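Some notes on the structure that comes next.
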Amino acid sequence: MKKPKILLTLLTLTVLLLAACNGEKETAEPEKAQAATKDGKTEVVFWHAMNGQLEEVVDDLVADFNEQQDDITVKAVFQGTYEEAITKFNTVAGTKDAPTVMQVFEVGTKYMIDSGKIEPVQKFIDADNYDTSKWEKNITNYYNVDGVQYSMPFNSSTPVLIYNKDAFKKAGLDTEKPPATYEELKTAAKALTTGDQYGFSVLNYGWFIEELIAAQGGLFVNEDNGRAGNATEAVFNGKEGQEVFQLISDMYKDKTFYNSGQNWDDIRAAFQSGKIAMYLDSSAGVRDIVEQSPFDVGTGYLPVPEQSEWEGVVIGGASLWMANGIEDAQQQAAWEFMKYLTSPEVQATWHVNTGYFAINTDAYDQDIVKSEWEKYPQLKVTVDQLGDTKTSIATQGALIPVFPEARQKVVGAMESLYQGADPKEALDQAAKATNDALEMANRKK
Amino acid sequence: MTRKKKFLLYALLIVSSFVMFFPILYAFSISFMQGGEVLRGKIIPSGLSFTNYEAAMQKVPLLRYLFNSFVVSTLIMAGQVVFSCLAAFAFTFIPFKGRNLLFLIFISTMMIPWEATMVPNFQTIRALGWTDTYAGLSVPFFAMAFGTFLLRQQFKTIPLEMYEATQVAGVSRFQFLWKVVLPVSKTTLVTLAIYCFLNAWNMYLWPLLVTNDERMRTVQIGLKQMQSQEVSTEWGVVMAGAVLVILPTLILLFAGQKRLQEGLTRGAIK
Amino acid sequence: MIAVKDRLRAEPKSRWRFPVTLEGMLYLLPSIVLFAVFLFYPMFKTIYLSLFLTDAQGNAQIFVGLEHYSQLLSSPSFRASLKATVLFVLYTVPAGVILALGLALLANQKLKGIGFFRTLFSSTMGMSVAASSVIWLFIYNPAIGIANTIMTTLGLQEMQWLLNPDTALISVAIPTIWMNTGFSFLILLGGLHNIDASLYESGKIAGVSDFYSLRKITLPLLSPTLLFIVTVSLINSFQTFGQIDILTKGGPMESTNVIVYSIFKDAFVNFNIGSASAQAVLLFAFILIVTILQFKWSEKKVHYQ
């Protein structure tokens, strides 16, 4: 080998470049976004993860807002999935490329609070004396920590039981009385399982397990679901969690439960093609299912074990966050936009066109909602389920920094059930892995 | 060739091409189906309707996206081929000190997982002010160890006598590269160019990160934009989008097949 | 492997020339600069971050030394990732190359209308990962997909292709092979065309079998092209991401959680930048070893004309 002069040169070069890059970054950091566009309007950049039909609805709402007034221009930009969007937000937070309003999925709530890159919307509620009494508490509570409203709920959904009424009729079941307890669910599933058809299915997605636990009043993590302090231990492997896993395991062994994977569209295809007669879906998906299924579709509340009391559901979906470190004028403009989004008219449009809930309960009195409910009475069930939900720590939802990871562990445990794993052991393992992740996260604090 | 053998060959050709082409046909077929039809597991659509295509075109500015993808892929292809040529030439014909070590370092970059470099690179691009530009989309990929390696292998097949002869004749190295090395390496260059273009065409995460403006985005983002997360995906529309995205490359491939074959055959030295 | 034999004899020194080293560097400069900025700098940063706990923004916070590494090496999850990665490479690379070679040999026959078949065989080249994965997701759908329709038509049992930990990885490997075949086919066909036809003629006169001429003439002369295809397939295989993200998300039970996907998940979903960085470094070391072995092997086998 020759003298490693080249290597030395290369290294020096790298170091120099490294320094140059860092230097540039530092000078870029304090820059603030330009508050005003050329035409004197304040620009609000709104990053979202709404694709498919949802993006069209968002674009329409934004266009309406821009037309309604002359001071603010909102620019909605699709930034990939929730995960991709939050990664990008992370990288640009606090720089001139940062968005003014950012949509973040519900499990990112704790993460956003801890990030220090956001301004709680409570500040604007207070400054504006904004009346929040019309808000659906079961939705806004999720994003309310220690009495501070951190973000504005945007697209909110809950899980519901969806069933094939035609199959119910064929099996001799009451088409207007979906199973409300695990026992009823098991009996119904047994009756519904014939030939190619399975009785019941749940998507392999952590959200449904969390919901089934919360429906019984069970918690996900300690420290009051992470709302009294930083959670240090997972408790989803307690009595309630075991009930859920036992149910799935029993029904799977009984061949009345169908494993439909972790893809939303797959489980819907299975339902619509008659492969499964009952399953859990998001309330946001209800209308499409009703519309596209070649049979009558019914909806019902989440079932709970016979001996437990039905507590309710936790809100899912995403909320809108306000960035900090930007000009006041921009924040104010963003707040105007948020207020517009929560108005009854807009919320009614949103609910009717997407199936997501209205945060403003006045929206349900709007005519478009009423006529929609007449057409799809199944939608009303989802709204009622949320209204009947008891406000408690369990239904407020857990607040943990490592939520996505915890979900992956729960999904893994769920999948191992189909391989014949013991429900308790599978859950304990997932809880242990979550504890490790929590410990790691708490060390950083 | 005997009749029997011919028959057998055709049978094999037909079966295997059907298997290879089937998924594409399937996508075409789904792109004509309406919502419910898709989810009931049909294979043949009930009618030929172009509503999905209209919807796909309306949903995202696909033409603009296709144009961007084309520009970015071409830029990356050009950059990679040029930079690889220069580097490979130096590694083959210029006997400078530390050459072997440097080549080793070059090759080792091939193993760096791209995911590990993404976020720091994004910060660099941002610091350079290259977000929402074609430069930001393409420049980070211009240097390519694999291309350098491939071309060096090719250049090594050029007889040394040829090089020495030109040196004696007083031809500069660069002229030698331009006039002799490149023409005889046509096959490899075409191969490399196709490979680069296709890889660039397929990028998704990087274009998503470095663009905020819809006018700068590429088709792979457009495809993702059509799928939904929590509500039902309109599969017919997504497939129509997918067909629209693959159509240009397929047409290019069909039309250019003959020339591509020639390009890959001719020019190789024996 | 890399040792470049200095093939160049004495430089003619008749007139003043640009210093050789400088000239060499001039040719290499564009690549070196870009590598430094977009590969080495991030790589050093990755190595640095792998020794820390980071905050969510990916800034180093607490120095933990080699803790991430020791944790990974003892974690069953990481071992599963390693296993999945190796298996995935073993499933896709040999099968993909052999399939493409078979198709290329088939399409290299002088038959009427062969151009049409060649076009069909190379058609998957134009498919994007996103588009093809979505199509395959449909094919595999347990309820409505064509894969199960075929199974039942053949009188076989329906399968949960992507949902069974035993079959998921293979089910991801099949579309991967399919996607890569178009390109490999085209390149190998080009390689076959370049083989002097007279070699076969003399083989025919000598009366050797087709198989013999394949083994003794075709394969050795095709070896540089084959090496190229194998290398490309290896790189692609190690970097597989899109298919897994769309088809399985690393599941079920982490059976398709290949390292690259695991890195992505840790860095972008779980925000464990430190651990993701450590995995990236280990992957780097791992691929380095594989590549060295491959070059060592190919040095002996590959026949340059």
Side-chain angles (χ1 to χ4, degrees), chain B residues 9 12-13 16-17 20-21 23-24 26-27 39 41 43 83 86-87 89-90 94-97 99-100 103-104 107-109 111-117 119-121 124 140 142-143 150 157 160 167-168 187 191 198 201-202 204 220 223-224 238 242 245-246 249-250 253-254 257 264-265 268, chain C residues 2-4 6-8 12 20-21 23-24 27-28 30-31 34-35 37-39 41-43 45-46 58 103 106 109 111 115 117-131 134-135 139 144 146 183 187 190 193-194 196 228 239 260 263-264 280 283-284 287-288 291 304-305:
Chain B
L9 278 174
L12 263 173
L13 278 168
S16 44
S17 56
M20 285 294 289
F21 203 63
I24 299 176
Y26 195 42
L39 292 178
I43 299 172
F83 284 23
L86 290 176
F89 183 73
I94 306 176
F96 59 89
K97 272 180 194 159
R99 189 166 77 163
N100 292 341
F103 185 65
L104 190 108
I107 289 297
S108 75
T109 62
M111 288 106 219
I112 296 178
W114 180 78
E115 279 72 16
T117 65
V119 169
N121 281 349
T124 308
F142 277 5
L150 180 75
T157 63
L160 209 55
Q167 291 294 298
V168 172
T187 313
T191 313
L198 289 177
W201 186 265
N202 264 324
Y204 165 69
Q220 306 300 342
L223 268 187
K224 191 101 168 195
V238 175
V245 168
I246 59 178
T249 33
L250 277 185
L253 206 63
F254 280 31
Q257 185 76 11
L264 285 175
T265 315
Chain C
I2 272 109
V4 189
D6 278 349
R7 306 162 67 238
L8 303 166
V20 175
T21 308
E23 191 181 350
Y27 281 90
L28 290 172
S31 293
L34 286 176
F35 277 151
V37 178
F38 294 110
L39 280 169
Y41 160 63
M43 192 64 200
K45 198 164 173 183
T46 302
L103 291 178
L106 196 60
Q109 306 288 340
L111 289 169
F117 290 108
R118 285 178 185 164
T119 312
L120 287 190
F121 286 156
S122 54
S123 61
T124 65
M125 212 170 92
M127 298 296 293
S128 76
V129 175
V134 166
I135 297 171
I139 293 178
I144 59 168
I146 189 114
F183 177 73
I187 303 304
H193 277 318
N194 285 334
D196 202 337
F228 169 71
Q239 308 249 330
V260 166
I263 293 173
F264 168 81
L283 177 65
F284 173 76
I287 307 183
L288 189 71
T291 317
Y304 287 101
Q305 300 177 5

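Model, not experiment: these values are computed from the prediction. Chain naming here is simple, since letters A, B, ... match the order of the sequence lines and numbering starts at 1 in each.
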Which atom names give the shortest non-hydrogen contact between C:Thr21 and B:Phe96, and what distance separates them? CA-CB, 3.3 Å
Mind listing the closest non-hydrogen atom pair of B:Ala242 and B:Leu223 along with its distance? N-CD2, 3.5 Å
Looking only at B:Asn121, B:Thr117, B:Leu198, most heavy-atom pairs under 4.5 Å shared with chain C are made by B:Asn121
Heavy-atom cut-off 4.5 Å, strictly under: side chain, backbone, both or neither for C:Ser128 against chain B? both
Once the angle between the rings of B:Phe142 and B:Phe83 is folded into 0 to 90°, is it parallel (under 30°), tilted (30 to 60°) or perpendicular (over 60°)? perpendicular
Taking every heavy atom of C:Ile146 against every heavy atom of B:Tyr26, the minimum-distance pair comes out as N-OH, 4.0 Å
Among B:Leu13, B:Leu250, B:Val245, who wins on heavy-atom pairs under 4.5 Å with chain C? B:Leu13
Proximal component of C:Ile263, with respect to chain B [non-hydrogen, under 4.5 Å]: side chain
Side chain, backbone, both or neither: which part of C:Phe284 has an atom under 4.5 Å from a heavy atom of chain B? both
Restricting to non-hydrogen atoms, name the atom on C:Val129 and the atom on B:Asn202 that form the minimum distance, rounded to 0.1 Å. N-OD1, 2.9 Å
Top contributor to chain B interface from C:Ser31, C:Ser122, C:Ala280 [non-hydrogen pairs under 4.5 Å]: C:Ser31
Of the listed residues (C:Ala131, C:Gly115, C:Gly24), which shares the most heavy-atom pairs with chain B below a 4.5 Å separation? C:Gly24
Among B:Ile246, B:Val238, B:Leu12, the residue with the most heavy-atom pairs under 4.5 Å to chain C is B:Ile246
Which atoms form the tightest heavy-atom contact between B:Gln220 and C:Ala130, and what is the distance? OE1-CB, 3.7 Å
Report the option among C:Met43, C:Gln239, C:Arg118, C:Met125 that has the most heavy-atom pairs separated by less than 4.5 Å from atoms of chain B. C:Met125
Non-hydrogen atoms of C:Leu283 and C:Val260 that approach each other most closely: CD2-CG2, 3.7 Å
